[in-house]
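First comes the structure, then the notes that go with it.
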Amino acid sequence: MAASLSTGLDVHFAIPQSDTKRPIFFTRRKFTIYSGLLSKPKSTWVNPTKPKRSVLSLQRQTRSPYAYNPKVRELKLFANKLSDCDNSEEAFLSVLEEIPLEPTRENALLILNSLKPWQKTHLFLNWIKTKNLFPMETIFYNVTMKSLRFGRQFELIEELANEMVSNEIPLDNITYSTIITCAKRCNLFDKAVEWFERMYKTGLMPDEVTYSAVLDVYAKLGKAEEVVSLYERGVASGWKPDPIAFSVLAKMYGEAGDYDGIRYVLQEMTSLGVRPNLVVYNTLLEAMGKAGKPGLARSLFQELLESGLTPNEKTLTSLAKIYGKARWAKDALELWEEMKSKNWPMDFILYNTLLTMCADIGLVEEAEQLFLDMKKSQHCRPDSWSYTAMLKIYGSGGNVGKAMEFFEEMSEVGVELNVMGTTCLIQCLGKAGRMDELVKVFSVSVEHGIKPDDRLCGCLLSVVSRCESRADVDKVLACLHRANPRLVGFLKLIEEEVYCLDTVKEEFKGIISDTKDDARRPFCNCLIDICLSKNLNKRPHDLLYLGTLYGLHPGLYNKTADEWSLDVRSLSVGAAQTALEEWMGTLAKTIKHEEALPLLFSAQTGTGTHKFSQGLSNSFASHLKKLAAPFRQSEEKAGCFVAKREDLVPWLRSRLQT
DNA sequence: ATAGGGTTAG
């Protein structure tokens, strides 16, 4: 959709503009954050006849141009000499004695500007002050503060700022923005806000550079409401935000995964006639990825190309990540072809992201080509990221031989294995039943300092669930015991013949609350599978109940007036089977109590595009067949099994009688 | 890094 603006710009956006909703809070005005500074505090009453006070200066602070210094070469050489000497004050002062030219204002400024690291800049400023050669000005402090910011020396910066105040050297917008961004980089967000508020108190109005620096402070704090309030008041003061301000907003909404927010940013840019630059596009692409909108990211990328911009490494990294996560093989391959044919820039991060993308999608040959390219290149030699991606590709593709080859190669070339690599190897060795090698990889990893995480434990647990012999189980359990003894203890507990549900419940709760969120459901799935493989018939149901109790299976059972359904897409084969039986049991009770039932029942397994759900549909189908349940594979929706009430009820009744 | 603001990896 195109919007022709009065500025003559044609701005194209991938997002339909007409139905853009504002995130809910945009309609609520709050004036509580910088109480008393910007406008009347805590009042939502706006008097339309009284214009609101301006919050920023529309004129950006101008900087005095450099006068050409004919001695620039000589001074630079001397500055380098100072930069290279020892950081001690003595060493510094002794080199200073050899200063080749008179330290006039201009000469001193040039040296100050060229010094690094921050210790030298600071020492030089102090030297100028003690020499008392000329009056100190704001610019000397600004230059020094910038150097100190590099070294993240917020305390020193604040000390200098206070010194400026007591010596009546004016702080300007450059001073404040440097202080604020330094505080931000040091994660001292309260300090950043404090100095921003101090500006207004001293009667200095921020310009757009300081203002967008502060927008970013609130954005990093995740205070979207405050950011929007500041932004909108800036606009109400007549400010036309530039691409940097929009980049800040887009990044904030991306981090929050807030799609409505992203649309708001796009709409604001269109209505204000601001054309996105490459950085804004990159931020928006990243944001679309985080909001889970690969299709919109793709059209945004098309728009970027149509606007005549050339993507850089960051653009392509975002896109590769998005296509990989979405498992969009066709788009991923097209992107790679286009990158090669148009000679778009590549860097190390992009190489590794492309490899990860190939691993997510299972593009083996493409990954091998990329990996070879990296080996041949000068600056992008494969590192532990690259090797991990290769382990993932071979591991998930079941090519154990290749995976082990790369594992050996890593230690030969001295690339450290990480916990993800270990997990990939263990997963594929487990699937191949090569338990002795699995034990070896686990031991080597632990000896190399790898700390097994919850995902690795989940992986070991899933290997246990597939073991065919007691001997294999014991080998894997020995590894798991080193990583998470409590889990092994829990397995013993649920295998005991006499078993107390309350004890199991307490221990389950404890384990789950100590487990990272993304590993909780896999744990529960594996535990159910293990119990099923041991024919511990009631226990899978208890575990499924406990998992549901602690919120691991939200949305498992769904009801509408016309249809009741079961969604097992995030369950393992055994857990799905258990959930089906549980559901049938509940429905049988409903019949017994002669309660109302809908016309249609359905169970969703998904189609197995996600690697956790591979094979789920088939095994679910065969379990239905075994039970002779009247569910049929839906013709219009793959991975969905449906039953009519008229067929299901008699079947459930017949089960009740047996 | 030649006085100030925004973007790349499980």
Side-chain angles (χ1 to χ4, degrees), chain A residues 60-66 69 72 75-76 79 83 109-118 121 137-151 171-182 184-185 192 206-217 219-220 241-252 254 276-287 289 311-322 324-325 345-357 359-360 383-386 388-389 391-392 418-421 423-424 453 455 518:
Chain A
R60 194 189 281 216
Q61 186 184 318
T62 50
R63 21 210 286 188
S64 46
Y66 263 117
N69 192 325
V72 59
L75 290 162
K76 282 249 176 188
S83 296
L109 200 50
L110 208 149
I111 292 172
L112 196 66
N113 251 320
S114 318
L115 287 174
K116 59 185 180 187
W118 61 270
T121 323
E137 297 167 37
T138 307
I139 189 170
F140 287 89
Y141 284 91
N142 289 350
V143 172
T144 309
M145 283 184 182
K146 186 178 176 186
S147 176
L148 290 170
R149 191 183 59 181
F150 248 92
L171 284 74
D172 61 13
N173 258 288
I174 298 178
T175 324
Y176 280 108
S177 58
T178 312
I179 297 170
I180 289 164
T181 52
C182 179
K184 184 171 76 189
R185 280 178 210 181
D207 65 8
E208 73 171 331
V209 175
T210 314
Y211 204 71
S212 51
V214 170
L215 281 186
D216 194 40
V217 169
K220 295 262 142 69
D242 64 1
I244 293 182
F246 288 116
S247 169
V248 168
L249 292 179
K251 168 105 189 184
M252 172 180 78
N277 64 13
L278 189 56
V279 175
V280 173
Y281 271 119
N282 290 350
T283 315
L284 285 167
L285 279 173
E286 182 80 21
N312 66 10
E313 297 87 338
K314 290 172 186 169
T315 322
L316 301 167
T317 298
S318 293
L319 214 52
K321 197 169 125 188
I322 290 166
K325 284 238 168 76
M346 282 281 259
D347 67 4
F348 192 41
I349 292 179
L350 180 51
Y351 261 118
N352 276 340
T353 307
L354 286 169
L355 270 183
T356 305
M357 174 185 86
D360 283 335
D383 70 346
S384 96
W385 277 81
S386 333
T388 304
L391 293 178
K392 202 166 164 187
N418 61 29
V419 67
M420 281 182 66
T423 307
C424 294
D453 61 5
R455 284 194 196 205
D518 58 355

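Order of the sequence lines sets the chain letters (A, B, ...), proteins ahead of strands, with each chain counted from 1.
Nucleic acid contact for A/Thr138: none, since no nucleic acid atom lies under 4.0 Å from a heavy atom of the residue. In this structure, A/Thr181 reaches the sugar-phosphate backbone alone: every heavy-atom distance under 4.0 Å involves primed, P, OP1 or OP2 atoms, never a base. A/Thr356 comes within 4.0 angstrom of nothing in the nucleic acid, heavy atoms only. Using a 4.0 Å heavy-atom criterion, one finds that A/Thr388 contacts the bases of the nucleic acid, with or without backbone contacts as well. Residue A/Thr175 is classed as having no contact, given no heavy-atom separation below 4.0 Å to the nucleic acid. Residue-level contact check: A/Asn69 touches neither bases nor backbone, having no heavy atom under 4.0 Å from any strand. Residue contacts shown for A/Val143 are limited to sugar-phosphate atoms, with no base heavy atom under 4.0 Å away. In this structure, A/Asn173 reaches the bases: a heavy-atom distance under 4.0 Å links it to at least one base atom across the strands shown. Using a 4.0 Å heavy-atom distance criterion, A/Arg149 is classed as a sugar-phosphate-only contact. Using a 4.0 Å heavy-atom cutoff across all strands shown, A/Val280 reaches at least one base atom of the nucleic acid.
The nearest whole Å value for the distance from the CG atom in A/Asp360 to the C1' atom in B/dG10 is 9 Å. Computed from coordinates, the A/Lys321 NZ to B/dT7 C1' distance equals 11 Å when rounded to whole Å. Atom NZ in A/Lys184 sits about 7 Å away from atom P in B/dT7, given to the nearest Å. Look at CZ on A/Phe246: it is 13 Å from C1' on B/dG6, rounded to the nearest Å. Remark: P of B/dT8 and CD1 of A/Ile322 are 12 Å apart, rounded to the nearest angstrom. The distance between atom CD1 of A/Ile349 and atom P of B/dT8, rounded to the nearest whole Å, is 9 Å. For A/Asn113 and B/dG4, the CG to C1' distance is 13 Å, given to the nearest whole Å. Atom pair A/Glu313:CD and B/dA9:P shows a separation of 13 Å (rounding to whole Å applied).
Taking 3.5 Å as the limit, the base of B/dG6 and the side chain of A/Asn277 contain a donor-acceptor pair of atoms between them. Side-chain atoms of A/Thr178 and base atoms of B/dG4 include no donor and acceptor less than 3.5 Å apart. With hydrogens and angles left out, the side chain of A/Arg60 and the base of B/dG4 share no donor-acceptor pair within 3.5 Å. Residue side chain A/Asp242 does not reach the base of B/dG6 through any donor-acceptor N/O pair under 3.5 Å, judged by distance alone. A donor and an acceptor atom never sit less than 3.5 Å apart when one is taken from the side chain of A/Thr283 and the other from the base of B/dT7.
The side chain of A/Asn352 approaches B/dA9 more closely than any other nucleotide in the set B/dG10, B/dG5, B/dA9. With distances taken from any side-chain atom of A/Asp383 to the nucleotides B/dG6, B/dA3, B/dA9, the minimum falls on B/dA9. The side chain of A/Val279 lies closest to B/dG6 when the candidates are B/dG6, B/dG10, B/dA3. Among the nucleotides B/dA9, B/dG5, B/dG6, the one closest to any side-chain atom of A/Trp385 is B/dA9. Comparing B/dG6, B/dG10, B/dG5 by their closest approach to the side chain of A/Met420 singles out B/dG10. Taking every side-chain heavy atom of A/Lys314 into account, B/dT8 is the closest of B/dA1, B/dG5, B/dT8.
For A/Tyr176 and B/dG4, the ring-to-base geometry does not satisfy the stacking test (centroid distance below 5.5 Å, interplanar angle below 30°).
At distances below 3.5 Å, not a single donor-acceptor pair connects side-chain atoms of A/Ser147 with backbone N or O atoms of A/Thr121. Between the side chain of A/Ser247 and the backbone N or O of A/Pro243, no donor-acceptor pair lies under 3.5 Å. For the pair A/Asp242 (side chain) and A/Ala245 (backbone), a donor-acceptor distance under 3.5 Å is present. One N or O on the side chain of A/Asn173 and one on the backbone of A/Asp207 form a donor-acceptor pair closer than 3.5 Å. Using a distance-only test at 3.5 Å, with no hydrogens or angles considered, a donor-acceptor pair links the side chain of A/Asp383 to the main chain of A/Ser386.
Nucleotides B/dT7 and B/dA1 have their P atoms positioned 15 Å apart, rounded to a whole Å.
No hydrogens or angles considered: a donor-acceptor pair under 3.5 Å links the side chains of A/Thr315 and A/Asn282.
The residues A/Arg455 and A/Asp518 are annotated as salt-bridged, a charged nitrogen and a carboxylate oxygen being separated by less than 4.0 angstrom.
A sub-4.0 Å separation between OP1 or OP2 of B/dT8 and a side-chain N or O of A/Lys251 is present. OP1 or OP2 of B/dG4 has not a single side-chain nitrogen or oxygen of A/Arg185 nearer than 4.0 Å.
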